[in-house]
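Working notes for the structure below.
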Amino acid sequence: MGELARSGQFDFVLAKTILEYKSPARLGDWLSIWCKMGKIGNTSMTMGFMITREGDTDPLLLAEIIYVSYNPHTESSMPVPVFIRERIEKFEKGEFAG
C-alpha cells in the first residue's frame, strides 16, 4: 500500500467512525472480529465491523468506518480507483488471490 500512496495512485484517510458498544468483553474472552465492505461510493468507502465472543453471534461492538480515497500529492479526495474496487469486490466474494 505504501507504494500506491507514494505514487499517488491510491491512499485513504479515515473520515468518520461510529462505535456502538453493546456488551463488555472480559479478560480471558476470545474475540472474533468481523468486517465487510458495505458500500463503495465515488470517493468514499464504508466498512462495517462487528466484534463477538468466539462462538457467539451477539455483538459486543458494532462499528461503521468511512474512509475517503485521498491523493497525497494534491492533498484532496479522489475517486476510488477501478483496480481498488475490483480487488475489494473479489475479496468480498472470496476470490482474493493476493
Side-chain angles (χ1 to χ4, degrees):
M1 184 65 100
E3 182 55 37
L4 292 175
R6 282 189 290 281
S7 69
Q9 293 179 60
F10 178 70
D11 200 357
F12 60 92
V13 293
L14 182 101
K16 183 177 181 179
T17 301
I18 300 170
L19 298 174
E20 185 178 352
Y21 293 96
K22 298 290 194 175
S23 182
R26 305 277 186 228
L27 184 63
D29 285 348
W30 286 94
L31 304 177
S32 296
I33 301 172
W34 308 87
C35 60
K36 181 168 180 56
M37 188 63 70
K39 176 185 171 192
I40 302 175
N42 184 43
T43 61
S44 66
M45 302 173 291
T46 303
M47 183 168 269
F49 294 85
M50 180 171 70
I51 298 176
T52 64
R53 280 187 190 83
E54 189 173 298
D56 276 352
T57 57
D58 295 331
L60 301 177
L61 178 132
L62 297 172
E64 180 179 270
I65 299 178
I66 300 172
Y67 302 99
V68 172
S69 180
Y70 179 77
N71 184 320
H73 298 298
T74 62
E75 297 183 348
S76 62
S77 63
M78 62 183 249
V80 176
V82 172
F83 74 95
I84 295 294
R85 289 175 185 277
E86 290 171 350
R87 288 187 83 167
I88 291 170
E89 288 168 5
K90 283 184 177 182
F91 180 82
E92 291 291 341
K93 291 178 184 175
E95 300 170 3
F96 185 68

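The analysis underlying the following values was restricted to heavy atoms, covering all of them including side chains, and did not include hydrogens, waters or symmetry mates.
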### Task
Flag the pair Val13 / Tyr67 as yes when at least one side-chain heavy-atom distance between them is below 4.5 Å, and no otherwise.
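No, every pair of side-chain atoms sits at 4.5 Å or beyond.
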### Min side-chain heavy-atom separation Met50-Leu62 under 4.5 Å
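Yes, close enough: below the 4.5 Å cut-off.
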Taking all atoms of both residues into account, what is the closest heavy-atom pair of [X] and [Y], and its distance?
{"X": "Val80", "Y": "Arg85", "result": "O-NE, 3.5 Å"}
{"X": "Met47", "Y": "Cys35", "result": "SD-CB, 4.2 Å"}
{"X": "Leu31", "Y": "Ala25", "result": "CD2-CB, 4.1 Å"}

Would you compute the distance between atom [atom1] of [X] and atom [atom2] of [Y] and round it to the nearest 0.5 angstrom?
{"X": "Ile40", "Y": "Asn42", "atom1": "CD1", "atom2": "CG", "value": "11.5 Å"}
{"X": "Ser77", "Y": "Tyr70", "atom1": "OG", "atom2": "OH", "value": "10.0 Å"}
{"X": "Glu64", "Y": "Phe49", "atom1": "CD", "atom2": "CZ", "value": "10.5 Å"}

Shared hydrophobic cluster for [X] and [Y] (ILVMFWY, side-chain gaps under 4.5 Å):
{"X": "Ile51", "Y": "Leu19", "value": "yes"}
{"X": "Met37", "Y": "Ile65", "value": "yes"}
{"X": "Ile88", "Y": "Ile66", "value": "no"}
{"X": "Met45", "Y": "Leu14", "value": "yes"}
{"X": "Phe12", "Y": "Val68", "value": "no"}

### Task
Using the side chain to side chain contact (heavy atoms under 4.5 Å, CB included) rule, take Ile18 and Lys16 through it: C-alpha gap first, then chi angles, then the decisive distance, then the call.
CA-CA 7 Å; Ile18 300 170; Lys16 183 177 181 179; 3.9 Å; yes
### Task
List in chain and number order the residues that pass side-chain contact (heavy atoms from CB on, under 4.5 Å) with Met78, two or more places apart in sequence or in another chain; answer none if no residue qualifies.
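By the side-chain contact (heavy atoms from CB on, under 4.5 Å) rule, Met78 matches Ser69, Asn71, Pro81.
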#### Entry: Enclosure of Tyr21 OH (heavy-atom neighbours >12, cutoff 6.0 Å)
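Counting other residues, nucleotides and ligands, OH of Tyr21 stays at 12 neighbours or fewer.
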### Task
Please collect all side chain to side chain donor-acceptor pair (under 3.5 Å) contacts where either partner lies in residues 32-41, sequence neighbours excluded, each pair once.
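Passing the test, one end in residues 32-41: Trp34-Thr52, Lys36-Glu92.
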